[in-house]
Amino acid sequence: MPIARKQGCCFALHLREDNARFILLFFVMTAYMLAGATVFMFLERDNEVEERKKYNDSLNLFRQKYPKINETDLQILLNAHTEAESAGFIGNKRPRWDFSGAFYFVGTVVSTIGFGMTTPRTIGGKILLIFYGFLGCAGAILFFNLFLERIITFLAYILRAIHERKLRIKGIDNKDRRNSHISDDEQLDTWKPSVYWVMLILLLGAVVVACCASAMYYPVEDWTYFEAIYFCFVTFATIGFGDYVVSQKDDYENKHFYRLGNFIFIVLGCCCIYSLFNVTSIVIKQFLNWMISKLNCHCRRRKRSRGRRNAITPRHLNGSARHKKSEKTDSDSDSDRRNSDEMISMKDFLHTNKISLALMQKQLWETAQRGQMSSHGGGFQGPVGPMAILDRKLGQEDV
């Protein structure tokens, strides 16, 4: 007696595998954010209370020292000082809206870093930012994707060369491939690099860039080396809190070289971290697939159409002739012919499937149009963007 297969929740909800993975990722990210909020609350809450108490003690000490000062005037002065501090007027700071400062600002806009130190304060500047940021961010994302495609291609080429060298050392191509009908180039074309090796190399590259940038930042900006590393991650990941921002002093030694180095490190670091994040997302996707399999969640997979070479059988008309008992002989003979490599005539095909030539031509035209749209990229067939690049370069479409 066959054992009934236990169906998972996805099968009961009629979910495809990609939809099940999306829902699972939603719950995983929600749990991850709740856990992170809890940890940060315990780490930062006591320090916030202590700093608030220190500020209130300083303010009360000022009031005791100058008891005749008016509270309203004091509050107006504090508000003005806060606005001037946020605008960059307090302290020995350079002008924020000279050409170098404006170029630094547009760089933070298109890279989606957005430190928040330099912001437009006029109505015209805010309106311009909406349109300028729309096109700039789109262009920057395209630049990051092109960089991702080229760095993954370069790493795949290096790893493939290492793989070929290992095969030559082991002598596999001299012994085992002679009996194979597939050439060496065709076998190597099907080989794809491991996503874990690519992830490790990108991680090491991002660490090297961050360490080199921190070695430049911490003596110039008077930070500790850890603060410089923290700034590099926040900046390269395009988080951009604004608690640490470079190039804010009024003057630097070798100012032009420092700003050029800062620009190069930010661009290179953002590209490396962007590539690393996308490759890491592949690993997270594999982890979600593992969770789905452990949860016994049998999801419906998308059926890929597999064309027949010598027969055309519409899906909704498939098997219609087999249910006609009055035409059993003709149906069996035509069915046998379709299962073989023998060509069938158009007359027999139309007679067997009971369809008109006009209907078949319409179906063939629609199928051709869908195929043309897919070949020219006119539709969203499968993954798009960075996921499509990684699927094509690392062969993750079969994982």
> Using a distance-only test with no angle check, is there a side-chain donor-acceptor pair under 3.5 angstrom linking Q64 and N60?
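Side-chain D/A pair, Q64 to N60: absent.
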> Do E164 and R160 sit within salt-bridge range, that is, some charged N less than 4.0 Å from a carboxylate O?
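Counted as a salt bridge, because a side-chain N and a carboxylate O are separated by less than 4.0 Å.
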> Is any side-chain heavy atom of L202 closer than 4.5 Å to one of I152?
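Contact flag for I152/L202 side chains = yes.
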> Between W97 and F105, is any pair of side-chain heavy atoms under 4.5 Å apart?
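Yes, their side chains come closer than 4.5 Å.
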> Flag the pair Y66 / F62 as yes when their ring centroid distance falls below 6.0 Å, and as no otherwise.
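Close enough - the centres of the two rings lie under 6.0 Å apart.
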> When you check the side-chain N and O atoms of Y55 and E50, is any donor under 3.5 Å from an acceptor?
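Not at all, the side chains of Y55 and E50 share no donor-acceptor pair under 3.5 Å.
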> Measure from NZ or CZ of R150 to the centre of the six-membered ring of F154, then state whether that distance is under 6.0 Å and the direction lies within 45° of the axis.
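No, R150 does not lie over the aromatic ring of F154.
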> CH2 of W197: more than 12 outside heavy atoms within 6.0 angstrom?
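Counting neighbours around CH2 of W197, 12 or fewer heavy atoms of other residues, nucleotides or ligands fall under 6.0 Å, so no.
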> Can you find a pair of side-chain heavy atoms, one from T118 and one from Y104, that are under 4.5 Å apart?
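No. Closest side-chain heavy atoms not under 4.5 Å.
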> Working to the nearest 0.5 angstrom, can you tell me the gap between F233 CZ and I273 CD1?
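It comes to 6.5 Å.
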> Distance from L276 atom CG to M199 atom CE, nearest 0.5 Å?
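Those atoms lie 6.0 Å apart.
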> Does the side chain of Y258 come within less than 4.5 Å of E221's, by heavy atoms?
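In contact.
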> May I ask you to test the N145-N278 pair for a side-chain heavy-atom distance under 4.5 Å?
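The answer is no; the side chains never approach within 4.5 Å.
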> Would a distance-only check, ignoring hydrogens and angles, find a side-chain to backbone donor-acceptor pair under 3.5 Å from E227 to T224?
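Looks like yes, one N/O pair under 3.5 Å.
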> Quick one: are K294 and M291 in side-chain contact, heavy atoms under 4.5 Å?
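They are not in side-chain contact.
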> Side-chain contact, heavy-atom cut-off 4.5 Å: V209 with F236?
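A side-chain contact exists here, since the closest heavy-atom pair is under 4.5 Å.
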> Answer whether the closest heavy-atom distance between the side chains of R94 and D251 falls below 4.5 Å.
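SC-SC contact between R94 and D251 ruled out.
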> Could you check R52 against E48 for salt bridge (Lys or Arg N to Asp or Glu O under 4.0 Å), going step by step and ending with a plain yes or no?
CA-CA 6 Å; R52 185 186 297 270; E48 180 191 12; 3.5 Å; yes
> Any idea how F103 and F99 line up, ring-wise: parallel (<30°), tilted (30 to 60°), or perpendicular (>60°)?
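Parallel: the ring planes of F103 and F99 meet at under 30°.
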